[in-house]
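Report on the following structure.
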Amino acid sequence: MPINKMMWKYSFFLVFLLFLSCSSVKPVYDSSVMVERYFRYAQDARNQRKYKLAIQYYDIIIDNFSNQPDKVASAQYEKGSLYYRMKKYKKAMEMFTAVMEKLNNPAIAQSISPAVAYLTRDLGQKTSKLVNKD
């Protein structure tokens, strides 16, 4: 086998491995990163239709920023809306229910965006009908 042809195959193989390794990297929590940056990462992933990656970023927010219930509620709503878009209605309903529980707590409800509250109720009702249909 000529060296040039062998180098080409070897190079192609390395690029293929690099592509595979980059596409499967799971994001990890970094305490020096502000919550807004994780939202931006999630929105960028969502805009690229990388819904599973976006959900992983929302999970980082939900799991690590419990001291900011308004941010957690927003992340739960966004995660629910992604599950809805992916037609995973039961998982979506779990997220909308979690937000509704926060809205039922007056101490937390006042910090949650009215838009998140409205959208959660609206999409939660639609999702509930789809879950109950199954």
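Starting from 1, each residue takes its place in the sequence as its number.
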Indicate every side-chain donor-acceptor pair of residues 52-72 with a distance under 3.5 Å to a residue at least two apart or in another chain.
| from | atom 1 | to | atom 2 | distance (Å) |
| --- | --- | --- | --- | --- |
| Tyr58 | OH | Gln43 | OE1 | 2.6 |
| Asp59 | OD1 | Lys79 | NZ | 2.4 |
| Asn64 | ND2 | Ile60 | O | 2.9 |

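- Heavy atoms only, all atoms of each residue included: Tyr77 and Val116 are closest at CB-CG1, 4.0 Å.
- With a 4.5 Å cut-off on side-chain heavy atoms, Ser74 and Phe39 count as touching.
- Interatomic distance, CG of Leu103 versus OG1 of Thr120, reported as 6.5 Å (0.5 Å rounding).
- Gln125 has its side chain out of reach of Ser128: every pair of non-hydrogen atoms, C-beta onward, lies at least 4.5 Å apart.
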Decide yes or no on side-chain hydrogen bond (donor to acceptor under 3.5 Å, both in side chains) for Ser32 and Arg37, but give the supporting numbers first.
CA-CA 10 Å; Ser32 68; Arg37 184 166 294 169; over 6 Å; no

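- Summarising the geometry, atom OG1 belonging to Thr127 is positioned 13.0 Å from atom NZ belonging to Lys90; distances are rounded to the nearest 0.5 Å.
- Contact of the Arg85 side chain with the Arg46 side chain is registered, since non-hydrogen atoms from C-beta on lie closer than 4.5 Å.
- Between the CG atom of Leu119 and the OG atom of Ser113 there is a distance of 8.0 Å, given to the nearest 0.5 Å.
- For the pair Asp122 and Lys126, the salt-bridge criterion is met [side-chain N within less than 4.0 Å of a carboxylate O].
- Note that CD1 of Ile112 and CE of Met100 are 9.5 Å apart. Values are rounded to the nearest 0.5 Å.
- How far CE of Met93 is from CG of Leu123: 9.0 Å, rounded to the nearest 0.5 Å.
- For Tyr83, the ring pair (Phe, Tyr, Trp, His ring centres under 6.0 Å) criterion is met by no residue, not counting sequence neighbours.
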